[in-house]
Engineer: 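Could you have a look at this structure, given as structure tokens, before my questions?
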Amino acid sequence: MNNAMLLRKRNKTSHLTRVILLVSFIILLARLIYVVPGAIQHHQQKKLSSETPVSVVK
């Protein structure tokens with residue numbers, strides 16, 4: 001009887017752990033999708049600003 005209780009508790013804990021990990025992974029992917037367009041735009045602006053020649057007046 002004691003073994004059956006431990007097995008049931010372990011199963012429930014395992015299920016809860018998987019749910020938490022799945023939710024965390026979904027949040028991580030959502031943040032990545034949210035950030036990528038801004039990062040690409042920032043990279044393109046930085047690339048364009050570094051290509052313009054800087055004239056030095058003496």
Engineer: Side-chain atoms of residues 26-41: list all donor-acceptor pairs with protein atoms under 3.5 Å, sequence neighbours left out, distances to 0.1 Å.
Structural biologist:
none

Engineer: My understanding is that only residues two or more places apart in sequence, or in another chain, count here; which of them pass side-chain contact (heavy atoms from CB on, under 4.5 Å) with T17?
Structural biologist: T13, L21
Engineer: Give, for atom OG of S24 and atom CG of L22, the distance between the pair rounded to the nearest 0.5 Å.
Structural biologist: 8.5 Å
